[in-house]
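Notes follow once the structure below has been shown.
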There are 2 protein chains.
Amino acid sequence: MNIGQAAKATGLPPKTIRYYEDIDLVRPGRDANGYRAFCEADLHKLRFLGRTRALGFSVADCRALLALYEDDSRASAEVKAIAAKHLDAIAAKIADLKAMESTLSHLVATCAGDGRPDCPILEDLGG
Amino acid sequence: MNIGQAAKATGLPPKTIRYYEDIDLVRPGRDANGYRAFCEADLHKLRFLGRTRALGFSVADCRALLALYEDDSRASAEVKAIAAKHLDAIAAKIADLKAMESTLSHLVATCAGDGRPDCPILEDLGG
DNA sequence: ATAAGGGTTCCAGCAACTGGAAGGTCAAGA
DNA sequence: TCTTGACCTTCCAGTTGCTGGAACCCTTAT
């Protein structure tokens, strides 16, 4: 199976798949003509990576999770630790964004948004 | 006033201030010895940039907002448009993160996190 | 024969800094 | 006076996770 087919099968762009090979996340074989040859196990890994990335894990975390996934003697505590830490990071980001949203929505609400120069948004930003 | 003083006065790291000069967001003068010389207007700009960046605006948006700030004949509609668009982007990010948080918190809650290999997190990620 | 539509590699660039190296400047203390 | 330490300068490289593009090869159909 070519990279194009693998891309369709996994939902990842070909460029991304090449990149994942480049950083050794996946190691497809090669056909005689030099084309990458993806087997089912490769596709499975790629889908795994797609899901972990979609959950916002860093590539480093994805690598660690993949290694744990393939290690039958893993301790689930290791997995949970990575996930819990990421969950904290997500919560922190949400809090940051909510603070920005709160500030900004107040400002936007009070700005007339017409042709005049008076602007509470800029007044606030200017200090 | 040196860059170190300016950094303390604005809360921005010296490296960041140099970077902002590099991309022409601010243009401090120079002393005879080659050191940057920041005036009050420079500090004011830097504080403005610090606040806009803290609200999550891209540097491109910050540049546009700064230009509007310094343009007495601006229309507040332009400012509001930029801010409203950013507000939408923030809301979208929050939604994304909340979805991740929801999925991940369920998974984390169901994982024993002990020494055994059984792991609902990995089972889910594996498909 | 050729054209379209795959595939390959490698290099550059994005955002917004940050770290570090190599070196110039300045003020204070022995 | 010399030196030490804390500044400052420039420039280059690295970060994260891809993405775009150039130049070129392979396969299949017309």
On DNA chain D, nearest-nucleotide positions of A/V59 versus B/Q5: which is more 5'?
-> B/Q5

Strand-adjacent residues in residues 10-28 of chain B, judged by heavy atoms under 4.0 Å from DNA chain C | B/P13, B/K15, B/T16, B/Y19, B/Y20

Ignoring hydrogens and geometry, is there a side-chain-to-backbone donor-acceptor pair from B/D124 to B/I121 under 3.5 Å?
-> no

Can any side-chain N or O of B/S105 pair as donor or acceptor with the backbone N or O of B/E101 at less than 3.5 Å?
-> yes

Interatomic distance, A/L55 CG vs D/dG17 P [rounded to whole Å] = 14 Å

May I ask you to verify if any side-chain N or O of B/N33 is less than 4.0 angstrom from the OP1 or OP2 atom of C/dC26?
-> yes

Can a salt bridge be assigned to the pair B/E21 and B/R36 using a cut-off of 4.0 Å between side-chain N and carboxylate O?
-> yes

Non-hydrogen side-chain atoms of A/Y20 and A/R53 separated by less than 4.5 Å = yes

Are side-chain heavy atoms of A/L46 and A/F38 found at a separation under 4.5 Å?
-> yes

Does C/dA15 have OP1 or OP2 sitting under 4.0 Å from an N or O in the side chain of B/R53?
-> no

Send over the distance from A/Y35 OH to C/dG7 P, rounded to a whole Å.
-> 7 Å

Roughly, in whole Å, what's the span from CG in A/L46 to P in D/dG17?
-> 16 Å

Kindly point out which of D/dC8, D/dG17, C/dT25 is positioned nearest to the side chain of B/I3?
-> D/dC8

Could you state the atom-to-atom distance from NZ of B/K8 to C1' of D/dC7 in whole Å?
-> 10 Å

Phosphate contact (D/dT10 OP1 or OP2) by B/R30 side-chain N/O below 4.0 Å = yes

Is it true that a side-chain atom of A/R30 and a backbone atom of A/Y35 form a donor plus acceptor pair closer than 3.5 Å?
-> no

Counting just side-chain N and O atoms, does B/R36 come under 4.0 Å of either OP1 or OP2 of D/dT9?
-> yes

